[in-house]
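Data first, discussion second: the structure below is written as structure tokens.
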Amino acid sequence: MPELPEVEVVRRGLAQHVVGRAICDAQVLHARAARRHIPGPDDLGRRLVGRTPVAASRRGKYLWLPLDGRDHALLAHLGMSGQLLVSPVGTADPIHLRARLRFTDGGGELRFVDQRTFGGLALEPLVDDGAGGAVPASVAHIARDALDPDFDDAAFVRALRRRHTGIKRALLDQSLVSGIGNIYADEALWRSRMHWATPTEEIAPVRVRGLLGHARDVMAEALAQGGTSFDALYVDVNGESGYFERSLSAYGQEGLPCPRCGTPIRREAFANRSSYRCPRCQRTPRRPRP
DNA sequence: GATCGGCCCTGCCCGC
DNA sequence: TGCGGGCAGGGCCGAT
């Protein structure tokens with residue numbers, strides 16, 4: 001379940017192992033993996049041959065490799081179960097291999113493996129991001145993430161308090177702040193002692209800033225530990241899992257004691273998925289917004 | 001325009 | 001043992 005820290009770990013791996021290597025062969029093996037590439041999987045493969053990734057970039061959970069000339073980029077989203085692995089040429093293909101890039105230097109190939117096929121690849125033009133940088137066209141509407149040095153805290157506080165929704169929905173809205181998914185939303189809310197259904201317009205600016213700080217802290221800590229791993233689905237480019245799962249306070253801890261007060265953590269239905277909270281530290285607001 | 005719910009997809013796990 | 005149902009969940013799309 002890759003969120004910002006996990007995607008950043010993968011980005012660093014790509015920067016180290018893929019950038020600067022010319023692509024000599026590209027195979028897209030599953031149509032769904034290229035569904036966002038409108039001309040189709042064969043076109044995607046053809047257009048990658050002969051190109052060289054010159055950087056590895058990220059915004060929120062989107063990853064992209066700007067190609068030589070910097071007019072286009074190979075965009076990737078890992079979805080829930082996507083992996084980008086650098087593997088020696090000739091080793092057995094994983095069951096859910098969706099795409100493969102080989103390089104002129106004959107070194108390790110880049111594999112896109114995705115069990116649940118929520119992720120995907122696309123070749124997209126790079127557009128001006130309005131701040132001197134460039135982003136793939138379909139990423140332009142995504143907000144900067146909380147760890148981005150150019151993230152505007154004051155604008156985020158204003159935009160969030162203009163919303164009329166629950167705080168967790170707002171945290172998951174990638175047009176407000178990107179990179180926060182179910183895991184880190186629950187952890188940031190637990191640290192802030194805030195219920196997931198707290199109405200955004202009722203949260204004092206100082207508490208919004210506090211929540212933002214907690215989101216940053218929990219993601220930075222996860223990044224330092226190589227990301228969160230629940231099953232074998234999230235791994236870095238070398239196939240290694242992170243260790244942050246051991247540090248979670250609320251997410252996935254149903255029935256276990258709250259690390260702060262000892263009350264059993266509760267799991268609740270939230271937007272077709274789950275939310276975890278301490279019923280004592282994170283009290284239900286007077287007018288909850290689902 | 002803002003908000004919200006449903007759906008996509010596959011494998012694992014649990015209960016019967 | 002085998003089968004069916006529930007669950008995981010980010011992002012997109014349509015409904016309200």
Side-chain angles (χ1 to χ4, degrees), chain A residues 1-8 10 29-38 41 58-64 75-84 94-99 112-122 124 135-143 145-146 158-189 196-202 215 219 227-235 241 245 248 250-255 266-276 287-290:
Chain A
M1 302 156 200
E3 296 185 26
L4 187 155
E6 292 74 33
V7 178
E8 174 60 17
V10 173
L29 306 166
H30 193 287
R32 215 179 122 74
R35 66 191 180 285
R36 293 183 208 188
H37 186 80
I38 305 305
R58 180 187 60 75
R59 175 174 286 189
K61 301 167 200 168
Y62 285 89
L63 270 173
W64 65 92
L75 176 67
H77 195 292
L78 302 179
M80 292 180 57
S81 55
Q83 303 172 353
L84 284 166
I95 299 174
H96 303 293
L97 180 67
R98 308 304 189 197
F112 178 63
V113 179
D114 189 6
Q115 177 195 97
R116 297 173 201 169
T117 64
F118 274 47
L121 305 175
E124 290 203 2
V135 295
S138 70
V139 177
H141 71 287
I142 301 291
D145 61 64
R158 284 194 301 273
L160 185 127
R161 297 186 76 248
R162 276 199 300 269
R163 291 293 177 96
H164 297 273
T165 189
I167 182 62
K168 184 165 171 180
R169 274 186 183 279
L171 287 178
L172 297 179
D173 184 339
Q174 305 294 300
S175 68
L176 272 178
V177 54
S178 66
I180 301 177
N182 209 29
I183 300 170
Y184 297 110
D186 278 3
E187 291 299 304
L189 288 167
W196 51 265
T198 307
T200 46
E201 70 273 27
E202 293 178 7
M219 290 193 291
T228 304
S229 174
F230 289 90
D231 36 38
L233 285 183
Y234 162 69
V235 291
S241 294
E245 180 184 5
L248 293 174
Y251 184 86
Q253 309 298 303
E254 183 181 18
R266 188 179 292 172
R267 178 167 76 95
E268 294 164 328
F270 164 80
N272 281 337
R273 55 195 70 165
S274 294
S275 215
Y276 297 86
R287 289 187 292 273
R289 285 191 188 274

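Within every chain, numbering begins at 1; the chains are lettered A, B, ... in the order of the sequence lines, protein sequences first and strands thereafter. Nothing here was measured: the structure is a model prediction, and the numbers come from that model. Keep in mind that the numbers below use all heavy atoms, side chains included, and drop hydrogens, waters and symmetry copies.
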Between C/dA8 atom C1' and A/Ile183 atom CD1, what is the distance in whole Å?
10 Å
Would you check, one step at a time, whether the test salt bridge (charged side-chain N to carboxylate O under 4.0 Å, His left out) holds for A/Arg32 with A/Asp114?
CA-CA 10 Å; A/Arg32 215 179 122 74; A/Asp114 189 6; over 6 Å; no
Does the side chain of A/Trp196 pick up a donor-acceptor pair with the side chain of A/Glu268 at under 3.5 Å?
yes
Whole angstrom value for the distance that separates P of C/dA8 from CG of A/Asp186
11 Å
Checking all strands, does A/Phe270 fall into the base, sugar-phosphate, or nothing category for heavy-atom contacts under 4.0 angstrom?
nothing
Whether A/Gln174 contacts C/dG11 is assessed here as follows: a side-chain N or O lying under 4.0 Å from the phosphate OP1 or OP2. Is that the case?
yes
Under 3.5 Å donor-acceptor, A/Glu124 side chain and A/Ala122 backbone
no
Figure out the CD1/P separation between A/Ile38 and C/dC12, and round it to whole Å.
12 Å
Quick one: on DNA chain B, does A/His164 or A/Arg98 contact a more 5' nucleotide (nearest heavy atom)?
A/His164
Would you call A/Glu202 and A/Arg289 a salt bridge, using N to O less than 4.0 angstrom?
no
Separation of atom CG in A/Leu75 from atom C1' in C/dG10, rounded to whole Å
14 Å
Rounding to an integer number of Å, can you tell me how far A/Arg36 CZ sits from C/dC13 P?
10 Å
Are any of the side-chain nitrogens in A/Arg58 or A/Glu8 under 4.0 Å away from the carboxylate oxygens of its partner?
yes
Would you mind classifying the nucleic acid contact of A/Arg289 as base, sugar-phosphate or nothing, using non-hydrogen atoms under 4.0 angstrom?
nothing
A/Leu4 CG to C/dG11 P, straight-line distance once rounded to whole Å:
11 Å
Can you find a heavy atom in the side chain of A/Leu160 that is under 4.5 Å from one in the side chain of A/Ile167?
yes
Can you measure A/Tyr62 atom OH to C/dG10 atom P for me and round it to whole angstrom units?
12 Å
What is the distance from CD of A/Gln115 to P of C/dC7, rounded to the nearest Å?
18 Å
Validation row: A/Ser178, A/Lys61 side chains within 4.5 angstrom (heavy atoms):
no
Can you identify which nucleotide, out of C/dC12, C/dA8, C/dG10, has its nearest atom closest to the A/Arg273 side chain?
C/dG10
What are the 5'-most and 3'-most nucleotides of DNA chain B lying under 4.0 Å from any heavy atom of chain A?
B/dT3 to B/dG11
